[in-house]
Each structure stands twice: as C-alpha cells, then as structure tokens.
Amino acid sequence: MFLKFKHAVESVLEKALDSTGYPTDNLRIEESAHADLASSVSFGLASQYRENPAVIAKKIADAIMIPADSLIGKVDVSGPYINFSASKQFLEGAVHAILGEKEFHGADNKTSAGTGTETETGSARGKVIIEHTSANPNGPLHVGHIRNSVIGDTLSRVLKKAGYEVEIQYYVNDMGRQIAIVAWALDRFEFDRQKKSDHAIADVYIRANLELGEDPDLVGEIDALMQRIETGDEEMVTRFSDATDLAIAGITSTLERMNVHHDLFVHESEFVRSGEVNNFVQELVERGLVETVDGALMVPMPELGKDLVIRRSDQTSLYVTRDLAYHRRKAEACDRVIDVLGADHKLISSQLCHVLSACGIQEPEIVIFEFVSLPEGSMSTRAGKFITTDELLDQIEKQAFLEVTKRRPNESEDFRNRVATEVGIGAVRYDIVKVSPEKATTFDWKSALDFDKLGAPFIQYSHARACSILEKADHANESIDLALLTGDAEIALIKELARFEYVIDSAARELKPHVIAIYARELAEAFNQFYRLMPVLSAPRDLRNARVGLVECARIVLADVLDVLGIAAPESM
RNA sequence: GGGCCCGUGGCUUAGCCAGGAUAUAGCGCCGGCCUUCUAAGCCGGACGUCUCGGGUUCGAAUCCCGACGGGUCCGCCA
C-alpha cells in the first residue's frame with residue numbers, strides 16, 4: 001500500500017510541476033517525521049529559477065490536484081517543504097489488503113506470497129540463485145560463519161517474499177588443499193566417533209596443520225593427494241568425499257538448528273569431472289585472455305594490480321577456476337546470481353567478475369560482510385582459534401531457559417524449553433542481522449547472552465501479546481468499521497503495517513537484510529504503543545471489533561516479518 | 001607500500017549510495033506506570049565538536065580532497 005501511495009504522490013507532483021512550468025527530473029520525495037511523504041523539490045528549483053523556495057513550494061502545492069478516492073489525503077506546505085499525508089482510503093485499503101490476504105497464508109502461492117506484496121504484476125519476478133555459507137568442510141561452523149548464513153538465509157526469504165523463485169545453494173569445497181589435509185589427517189590420526197562429526201574433523205585438521213608446520217617435508221604428501229584427486233583417482237575421490245560428507249553432515253545439522261536451509265549442495269569436484277573446468281580454461285585460451293608464466297596459466301589484470309592464476313604449473317586447477325565454471329552454470333540457469341561472501345573474498349571475487357565479464361557471462365551480485373573477530377583477535381579454524389556455533393546455541397538456549405523461567409515460573413518445563421529455543425535462536429539471528437554487513441564486529445559472550453539488549457524477544461513478545469488478545473476475543477467474523485480507528489496510536493500502527501511490502505521491496509532490490517530487522521523493531525514498537533493506549537477487549541462493541549481487526553493485522557504482519565527473519569513467532573511466551 | 005571497508009553520546013547502532021525541517025534506536029544511568037488484553041512492556045529525563053582539517057553548496061553526518069585511528073586483502077591457499 002505504501003508503494004502505491006508513493007506512486008500516487010509522484011504522479012500528482014509531476015502533474016503539478018508540469019502545469020506550473022517547473023519541469024524537473026528529481027522530485028526529491030523523502031520519508032519525513034513531519035508527513036507520510038515530503039518533497040523538497042522547491043530547493044532545487046529555487047536556485048535554478050532564482051526564486052524563494054517557500055514561494056515555489058506554495059505555487060506547486062496550489063497546483064496539486066488530488067483525484068477522488070486517492071491514497072493521498074492532504075497536501076500542505078511547511079516553508080519550502082510540500083507534505084503529503086495518507087488518506088482514509090489508504091488506511092482502510094492497507095487493513096483490508098492484510099486481512100484479505102490472510103486466506104493466502106499457507107496456500108503456498110508462489111507469486112506474491114504474504115502481506116501486501118503488490119510489487120510488479122503479481123507474477124514471479126524471475127529466478128534467483130543465491131549462494132551462502134559455503135564454509136570449507138574442515139570443521140564446524142564458528143560464530144563468524146553464521147553471519148554469512150544469517151545474511152544469506154534472510155536475503156533468500158526476502159527475495160521469496162518479494163516474488164522471486166529462489167534456489168539456495170551451498171558450494172562445497174571438496175577438493176581444495178584444506179580438504180586434502182583433512183583426508184590426509186583422517187588416515188593418520190584417530191577420528192573421534194563420539195563427537196559431532198564436524199567437531200571431530202576439526203580436531204584432526206588442527207592436529208595435521210600442527211604437524212605440517214613442524215615438518216615441511218610432509219607438505220609434498222598433500223601435493224601428491226591433490227594431483228591424484230585432479231585426475232579423478234577413484235580411491236582419492238572416495239577419501240575426499242568421505243571427509244567432506246562428515247563435516248557437511250555436522251554443518252547442516254547446525255544450520256538446521258538455526259532455521260537455515262539450502263536447496264542444493266553443489267560440489268566443486270563436479271566441475272572438474274564434467275569437463276566444465278577444462279572447457280572454461282580452453283575458452284579463455286581461445287579468447288586470448290591468458291598468458292603462460294613458468295608453466296602456469298594466468299589472466300593478466302593490470303587494473304586490479306594482481307594477475308590471476310587459473311592453472312598451476314602441475315596442471316591442477318584452483319579454487320577460482322572451479323568457481324568460474326560454477327558461476328557460468330549459475331548464470332545460465334537464472335536471472336539473478338547472488339553470492340554472500342566474507343570481506344576476505346573481495347579481491348578474488350572482483351577478479352572472478354572480471355573474467356566472467358570478459359567472457360560475456362552475467363556477473364553475480366556480491367553481498368560482502370565484514371569479519372567477526374574475538375576480543376583476542378581473528379578466528380582461525382586451522383589454528384583452532386574459534387567459538388563454534390553449536391556452543392553459542394547451547395549457551396543461548398540455556399540462558400533463555402533461565403529468562404523464561406524467571407518470567408513464567410508456573411509454566412510446564414516443556415513450554416519453557418520450547419520458548420527458550422525459539423527465543424534463543426531468534427535472539428542469535430536478530431543480533432546478527434540487525435547490524436549492516438559492512439560493519440566489522442567483535443564477538444563477546446557477555447553481550448551475546450544479554451537478553452535485556454537482544455532484539456528478537458521484543459518482537460516475538462509483541463506477537464504473543466497480539467495472539468493473546470485474539471484468543472480472548474474469540475474472533476467473531478463481524479463486520480469491521482475502520483472509520484472508528486482514529487487514535488494516533490491506531491493510525492500510526494496502520495501506517496507502519498502498510499510499510500511492510502515497501503521494506504521488503506527495497507531490501508530485495510538493494511540486498512540489505514538489516515533493514516528488515518529495523519522495520520520489525522519499529523513495527524513491534526508501534527504495536528506496543530497501541531497495546532498500552534488502546535484497550536481492545538474492554539472497548540464498546542463496534543470499536544472493539546475494529547480494534548480486534550487491527551490486532552489481527554498486526555499479528556499477521558508481525559508473524560510475516562519474523563518469518564522473513566527466520567525467527568519463530570510464539571503464540572505465547 | 002598499494003587496494004577495499006569502517007570511524008555517529010560511556011558501549012552497541014540507524015541514517016550516508018539518490019545532501020534539506022529538532023541526528024535513529026537499544027544497553028547502561030536517573031525518575032514515573034502492574035485492582036485494566038502477558039511489565040521480555042509503556043512514558044519522561046540526562047548524555048552528541050556525527051574522528052580531525054579543508055573544499056563544494058542557499059544548506060553537509062551524507063558529496064569531494066587530505067590527515068588520523070581500527071579492520072581486511074595483496075599465495076601456482078580457499
């Protein structure tokens with residue numbers, strides 16, 4: 001509804017500018033504390049026409065014609081600003097749109113699932129392949145990896161909500177040097193079957209790296225393994241895939257716990273076996289993009305200041321070579337290719353894009369996030385310096401259980417366990433997604449387990465409050481007179497609800513998941529203010545019905561926004 | 001040394017790309033509100049040279065240049 005409102009504002013403003021003879025291509029429409037939307041177009045015109053901006057604003061506003069039944073209710077001028085406010089039609093339309101779409105929930109409609117996603121035409125916008133997490137299978141996910149998972153998973157959900165068909169992929173490194181080390185280590189050291197498999201893999205991997213560091217002669221053994229895997233040596237293929245499977249099994253169970261899902265696990269080795277890697281290298285040779293230096297093939301990249309090796313002098317391929325083949329396959333299969341990558345991949349991914357572009361292949365949209373470090377420095381799987389996600393989830397659930405027990409001491413242990421899980425996982429996800437990806441963060445236990453500061457329970461609590469009212473209201477399907485909702489808190493809540501689809505749309509376009517987190521908080525805030533000021537159940541009958549309808553809207557959108565964040569929406573907590 | 005990112009109250013953080021009306025919110029701090037739909041809530045208050053210095057502009061947290069501080073990358077690793 002908000003998008004439509006914005007379009008309506010653009011339309012009337014454009015007409016008024018035409019009729020007053022102030023053509024401009026920049027309407028300067030912005031969100032504002034003083035109106036639902038405002039335009040500061042007069043400033044630009046003022047310098048252009050050497051007139052007082054307030055005078056221009058007045059002239060334009062006087063020329064604005066608002067059609068009957070418009071979503072725009074009122075236009076007024078405040079100095080140089082032209083302020084637009086939403087109409088009764090907007091408010092009622094917003095409520096009906098949310099209530100009306102309730103029937104679609106659970107119907108698995110692939111087009112504009114959910115609340116008010118009235119973007120585009122309602123048909124799917126196209127297919128997107130998003131790759132995220134893709135952590136090396138040499139150990140468990142640590143608290144840095146899950147920043148990738150949470151950003152990627154939230155974006156996937158945003159894109160689905162915005163009407164895209166989404167396929168989520170995990171790119172499994174099953175033939176790189178690290179995996180050769182794991183395979184080598186599994187032969188050399190005992191594998192602890194009592195432990196979660198990804199943790200046990202890390203144990204032998206860390207030990208192997210220690211030995212390799214002490215005795216550099218052993219490095220030759222790793223090189224030998226890598227040459228054998230490159231030629232498709234069967235024993236080696238089995239050893240490598242056994243090793244990666246063990247780690248991936250542990251990793252997926254952690255992701256499952258976090259409510260993060262992948263549709264497809266794509267293995268690097270596929271691209272070597274299928275010949276796609278060789279074909280790609282061959283194509284680069286034919287296009288004259290490569291040079292041979294000391295027996296290795298490289299693509300010169302003077303503009304990036306760093307040439308890119310795509311085949312070693314021993315003829316084996318590199319990570320980036322396989323990744324090129326992978327990206328070609330993805331580009332051919334969808335409309336948008338999205339990669340979520342850590343900041344350390346900046347250079348290599350711009351090199352990758354460079355090559356893809358030279359070959360006329362669609363480049364991926366890359367979402368880069370900065371590192372999560374520990375107070376004592378950066379994390380390293382190889383050195384065993386990391387905090388695992390499993391450990392964090394265990395701790396947060398334990399802490400959450402104490403918090404639930406403190407507040408609901410009389411509930412069953414079962415109830416408290418369930419809520420603790422929902423609140424704990426939600427808190428972890430929210431805490432990660434709320435900060436914009438380009439901000440480097442430092443993990444510390446005190447703040448990670450601080451439920452006074454964590455944001456998810458606040459939003460979940462609002463949802464639970466809405467559910468509680470609805471349960472007591474016994475939901476008679478009576479007609480609702482929305483004209484009765486005239487309180488500031490009611491109107492503010494409706495406007496906030498109407499922004500949902502707009503927020504989804506911009507998050508999907510700009511690939512910024514944290515705006516969803518911010519919006520969720522603001523929506524919960526608006527609902528809590530309404531809750532405090534506007535009694536629902538004790539209100540006179542018609543007003544009560546109208547407010548119950550509004551609470552139902554809030555419940556739907558709160559559940560929707562929590563779903564987009566991958567956070568559970570408890571009915572009671 | 002070069003590239004990229006970040007620098008907003010004691011701490012964390014939004015806004016910056018598309019410059020405009022009193023700079024966002026949380027934690028912490030001070031003070032109110034549970035005989036009323038779950039107080040994981042609501043309301044009020046204190047706390048800011050938006051790192052610093054120039055520049056562009058009627059107007060700069062936002063754009064440009066230069067410092068400074070922090071992170072990160074610069075492998076025939078991934």
Side-chain angles (χ1 to χ4, degrees), chain A residues 26 28 30-35 38 40 42-44 46-47 53 78-81 83 134-136 138 173 175-179 181 268 293-298 304-306 308-320 322-323 342-348 350 368-371 373 378 382 400 403-404 406-408 419 423 431 434-442 447 450-462 464-473 510 514-515 517-518 521-522 524-525 527-529 531-539 547-548 551 572-573:
Chain A
N26 186 356
R28 298 193 194 219
E30 57 211 48
E31 295 188 60
S32 159
H34 308 269
S40 57
S42 68
F43 284 112
S47 53
S78 168
Y81 298 94
N83 289 331
S134 301
N136 280 333
N138 55 8
N173 169 4
M175 59 180 300
R177 182 160 217 99
Q178 275 95 336
I179 306 314
I181 294 173
E268 269 190 66
V293 177
D294 300 332
L297 277 186
M298 57 173 44
L304 294 176
K306 188 72 208 164
L308 178 66
V309 176
I310 57 162
R311 192 169 70 196
R312 296 187 184 96
S313 46
D314 68 2
Q315 306 305 300
T316 56
S317 60
L318 292 91
Y319 173 84
V320 72
R322 278 122 35 195
D323 210 18
D344 54 338
H345 283 70
K346 270 184 199 173
L347 176 60
I348 192 75
S350 61
I368 294 282
F369 66 94
E370 288 290 333
F371 265 58
S373 54
S378 45
R382 187 179 50 203
E403 301 286 340
V404 183
K406 196 161 79 193
R407 293 170 173 92
R408 305 296 295 272
V419 173
V423 164
D431 203 39
K434 75 175 181 202
V435 355
S436 49
E438 66 272 14
K439 226 89 164 185
T441 61
T442 304
S447 127
D450 181 356
F451 273 82
D452 289 327
K453 123 178 204 308
L454 262 16
F458 177 76
I459 302 154
Q460 292 172 309
Y461 185 64
S462 305
R465 279 177 146 183
C467 289
S468 170
I469 293 179
L470 293 170
E471 196 193 341
K472 296 191 166 103
E510 297 172 28
H514 74 284
V515 304
I518 307 289
R521 195 206 70 223
E522 287 171 350
E525 224 162 53
F527 178 75
N528 283 331
Q529 282 159 9
Y531 181 93
R532 177 81 185 117
L533 296 169
M534 306 282 162
V536 176
L537 300 176
S538 60
R547 286 186 179 161
V548 168
V551 172
S572 174
M573 64 183 271

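A, B, ... follow the sequence lines: proteins, then strands. Residue 1 opens every chain. Given the structure is predicted, the values throughout are model-derived calculations rather than measurements.
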R532(A) CZ - U36(B) P separation (whole Å):
11 Å

Integer angstrom distance from the P of G28(B) to that of C5(B):
35 Å

Who does U51(B) pair with, Watson-Crick or G-U, both distances under 3.5 Å?
A67(B)

Using the P atom as the reference point in each nucleotide, state the distance between C11(B) and U57(B) in Å, no decimals.
36 Å

Between C64(B) and C27(B), how far apart are the C1' atoms? Round to whole Å, please.
36 Å

Between U8(B) and G15(B), how far is it from one C1' atom to the other, in whole Å?
10 Å

Holding to side-chain hydrogen bond (donor to acceptor under 3.5 Å, both in side chains), I want the full list of residues that pass it with Q178(A), two or more places apart in sequence or in another chain.
none

When rounded to the nearest Å, what value does the distance between P atoms of C42(B) and U22(B) take?
27 Å

Send over the distance from I368(A) CD1 to C6(B) C1', rounded to a whole Å.
14 Å

Residue whose nearest RNA chain B nucleotide is more 5′ - M534(A) or R28(A):
R28(A)

For nucleotides A40(B) and A21(B), find the distance between their P atoms and express it as a whole number of Å.
37 Å

For nucleotides 21-26 of chain B, read 5' to 3', which letter fits each nucleotide if B means a protein heavy atom sits under 4.0 Å from the base, S means only the sugar-phosphate is that close, and - means neither?
BB--SS

Starting from P on C37(B), measure out to CD1 on I469(A) and report it in whole angstrom.
10 Å

Does G1(B) have a Watson-Crick or wobble mate here (both distances under 3.5 Å), and if so which one?
C74(B)

Go along nucleotides 70-78 of chain B 5' to 3' and tag each nucleotide: B for a protein heavy atom under 4.0 Å from its base, S when only backbone or sugar atoms are that close, - otherwise.
--SSSSBBB

Please report the distance separating the C1' of G19(B) from the corresponding atom of U62(B), rounded so that it comes out in whole Å.
6 Å

Assign S538(A) to base, sugar-phosphate, or nothing according to its heavy-atom contacts below 4.0 angstrom with the strands shown.
nothing

